[in-house]
Amino acid sequence: MTIAEQLAYLKKGAVDCIPDEELVRKLERAAKAGQPLRIKAGFDPTAPDIHIGHTVLIRKMRHFQQLGHQVIFLIGDFTGMIGDPSGRSITRPPLTREQINQNAETYKEQIFKLLDRDKTEIRFNSEWMSRFSADDFIRLAGKATVAQLLERDDFKKRFESQSPISVHELMYSLVQGYDSVALNCDVELGGTDQKFNLLMARQVQREYGVKEPQLIMTTPLLEGLDGVQKMSKSLGNYIGITESPREIFGKIMSISDALMWRYYELLTDLSPSEMEQMRARAASNELNPRDLKADLGWRVVRDFYSDSEAVAARDEFDRMFRERRMPEEMPAVTVQDKSIRLVKLLAAEGLASSISEAQRFITQGSVKLDGEKVTDVTFELTRIAAEQAVVQVGKRKFLRLLLA
RNA sequence: GCUGGGGUGGUCGAGUGGUUAAUGGCACCGGGCUGUAAACCCGGCGGGCUUCGGCUCUACGAAGGUUCGAAUCCUUCCCCCAGCACCA
């Protein structure tokens with residue numbers, strides 16, 4: 001790739017690139033010297049579950065790797081112990097060393113689905129921060145003014161409304177900024193919500209005499225499955241990257257058409273021109289949205305698994321929803337007590353959240369036993385003649401019963 | 001600290017002594033239509049037990065009290081909001 005092409009590739013999907021003109025220079029210099037750029041991104045160790053929203057950032061890291069650069073995956077274990085200022089839960093219990101290590105392991109498992117191990121360095125900011133003396137700390141505190149720190153939206157609002165702001169919260173972005181001094185990277189990546197911290201890091205670097213502060217790039221926060229709010233675990237509108245191929249594919253298929261384009265943009269490596277073509281062909285009805293979505297689902301699953309697993313997920317989906325057949329694989333349970341009532345079993349196996357709900361499902365006609373609708377809420381398993389049977393609740397929940 | 005307003009189910013928000021598991025919207029779940037899209041239509045939406053007709057327990061910030069009966073009245077406490085006071 002030419003430098004210009006590299007530039008376009010790296011900027012795709014990014015929101016900010018500050019200072020904008022510097023990326024070219026860095027790329028050119030790296031190419032000339034044969035010295036890869038060092039790219040850093042920080043992660044919070046308190047929430048180690050990565051969903052595809054986070055992968056927008058991770059994919060950006062990957063883009064740099066693909067162009068030969070080195071990526072530093074920084075785990076903010078020290079900052080995590082202080083607590084994130086944006087978190088309303090200031091009194092969050094600090095994590096133990098063990099938990100942090102465990103979370104770090106969880107991270108690794110997940111990120112290496114996307115990143116190249118050989119070009120990834122994993123670091124913890126406690127490496128340098130836990131050695132900080134009170135002296136060092138006061139010095140760090142002197143690198144920014146209160147007015148600057150209060151620029152941050154969250155603080156500004158709280159200050160104006162006279163809500164409490166703890167001093168340590170103000171320190172957060174400085175500490176985070178110091179990471180950049182310690183790691184001395186060329187570029188730092190982060191979500192748009194991190195822009196303030198990223199900019200502050202540049203200032204901290206300058207204050208510590210770094211001649212050329214890091215370039216910063218931000219990536220958008222991905223909308224969740226509802227298409228409106230940002231993807232997050234607590235809102236339940238997410239796709240976890242450790243979910244099964246079938247689940248990921250299914251969730252992708254259920255998003256709205258508008259959201260599909262957004263996901264294409266941020267979750268695939270299609271070039272802007274390829275996407276333009278796609279849009280045009282969709283607009284002229286040459287491609288139908290359903291198939292485009294299936295293609296998207298395949299691409300996303302393939303990233304976290306393999307091509308064959310992605311194809312399998314797609315085929316499985318077609319079997320279930322196009323042909324309305326049963327899936328090939330489904331959870332199975334061995335039933336010891338054949339006199340158990342079906343509603344209880346459904347609740348116990350999680351096909352319904354409670355017995356009451358299971359009853360509702362039957363009343364509403366969404367429960368099938370071997371394809372036959374069950375209408376009797378008092379149905380007991382004793383009435384099943386065969387050795388095994390398949391219960392279906394709704395369109396997508398299946399359970400194979402093995403009768404002992 | 002003072003004065004006033006308020007805390008209701010996932011959320012918003014009605015209800016001010018008695019058909020009350022509590023109107024309604026949103027979210028959510030099931031069904032229909034489809035492309036597991038959107039829109040739309042129908043149904044549901046605390047838990048447990050049930051011989052499916054029901055029975056029962058828990059819920060309206062917390063704890064007590066009045067009453068045959070309370071989300072609704074009284075007392076105390078906790079929390080939130082607005083204003084006032086205090087502020088080295």
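Naming: A, B, ... by sequence-line order, numbering from 1 per chain.
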query: Using purine N1 to pyrimidine N3 plus N6-O4 or O6-N4 for Watson-Crick, or N1-O2 and O6-N3 for G-U wobble, each under 3.5 Å, what pairs with G83(B)?
result: C2(B)
message: Under 4.0 Å, counting only non-hydrogen atoms across every strand here, what does Arg396(A) touch: a base, just sugar-phosphate, or nothing?
response: base
message: What's the gap between C60(B) and A22(B) when it is taken at their P atoms, as a whole Å value?
response: 15 Å
- request: Establish whether the base of G35(B) is bridged to the side chain of Asp291(A) by a donor-acceptor pair shorter than 3.5 Å.
  value: no
message: Please report the distance separating the P of A62(B) from the corresponding atom of C52(B), rounded so that it comes out in whole Å.
response: 38 Å
statement: Rounded to whole Å, the CD1-P distance (Ile362(A) to G31(B)) equals 14 Å
message: Over all strands shown, is Lys251(A) touching base, sugar-phosphate only, or nothing at heavy-atom distances under 4.0 angstrom?
response: nothing
Spacing of the C1' atoms in U16(B) and A85(B) (rounded, Å): 34 Å
Partner residues of Ser180(A) under the side chain to side chain donor-acceptor pair (under 3.5 Å) criterion, sequence neighbours left out: Lys40(A), Glu188(A), Gln214(A)
Whole-Å gap separating P (C52(B)) and CD (Glu380(A)): 11 Å
- request: Using a heavy-atom cut-off of under 4.0 Å over every strand shown, decide if Leu259(A) touches base, sugar-phosphate, or nothing.
  value: nothing
message: Please list all pairs meeting salt bridge (Lys or Arg N to Asp or Glu O under 4.0 Å) that have one or both residues in residues 135-146 of chain A, counting only residues at least two apart or in different chains.
response: Asp135(A)-Arg139(A)
- prompt: Can you check the Leu225(A) CG to C29(B) P distance for me, whole Å?
  reply: 11 Å
task: Determine the Euclidean distance between corresponding P atoms of U72(B) and C87(B); express it in Å to zero decimal places.
output: 41 Å
field: Separation of atom CG in Leu342(A) from atom C1' in U50(B), rounded to whole Å
entry: 16 Å
- prompt: In whole angstrom, what separates Asp376(A)'s CG from U51(B)'s C1'?
  reply: 12 Å
message: Suppose you measure atom P in A82(B) against the same atom in C77(B); what distance do you get, rounded to whole Å?
response: 23 Å
task: Look at the side-chain N and O atoms of Arg341(A) and state whether any lies under 4.0 Å from the OP1 or OP2 oxygen of U50(B).
output: yes
query: Taking the side chain of Lys395(A) as its heavy atoms from C-beta onward, which of A38(B), G35(B), U34(B) lies nearest to it?
result: U34(B)
- prompt: If we only count heavy atoms from C-beta on, is the Lys11(A) to Met217(A) side-chain gap below 4.5 Å?
  reply: yes
- request: Examine Arg396(A) relative to Phe249(A) and say whether NZ or CZ is less than 6.0 Å from the centre of the six-membered ring and inside a 45° cone about the ring axis.
  value: no
- prompt: Quantified in whole Å, what is the C1' atom distance between nucleotide U67(B) and nucleotide U56(B)?
  reply: 24 Å
message: Between Phe321(A) and Met253(A), is there a side-chain heavy-atom distance shorter than 4.5 Å?
response: no
message: Could you tell me how far C42(B) sits from G46(B) if I compare only their C1' atoms? Round to whole Å.
response: 24 Å
query: For the pair made of CZ in Arg290(A) and P in C33(B), what is the distance, rounded to whole Å?
result: 17 Å
task: Give Lys344(A) one of three labels, base, sugar-phosphate or nothing, depending on what nucleic acid heavy atoms sit under 4.0 Å from its own.
output: sugar-phosphate
task: Mark yes or no: Lys368(A) above the aromatic ring of Phe398(A), with NZ or CZ under 6.0 Å from the six-membered ring centre and no more than 45 degrees from the axis.
output: no
message: Using whole Å, what does the distance between atom P of nucleotide A38(B) and atom CG of Asp226(A) come to?
response: 11 Å
- prompt: For nucleotides 42-47 of chain B, read 5' to 3', which letter fits each nucleotide if B means a protein heavy atom sits under 4.0 Å from the base, S means only the sugar-phosphate is that close, and - means neither?
  reply: -BSS-S
message: Using the C1' atom as the point on both nucleotides, what is the distance between A39(B) and G32(B), in whole Å?
response: 14 Å
- prompt: Is the NZ or CZ atom of Lys293(A) positioned over Tyr264(A)'s six-membered ring, under 6.0 angstrom from the centre and within 45° of the axis?
  reply: no
- request: Evaluate whether atom CD of Glu329(A) has more than 12 neighbouring non-hydrogen atoms of other residues, nucleotides or ligands under 6.0 angstrom away.
  value: no
task: Indicate, with a heavy-atom threshold strictly under 4.0 Å, whether Gly250(A) touches base, sugar-phosphate, or nothing.
output: base
field: Nearest to side-chain heavy atoms of Phe361(A), which nucleotide of G32(B), C29(B), C52(B)
entry: C29(B)
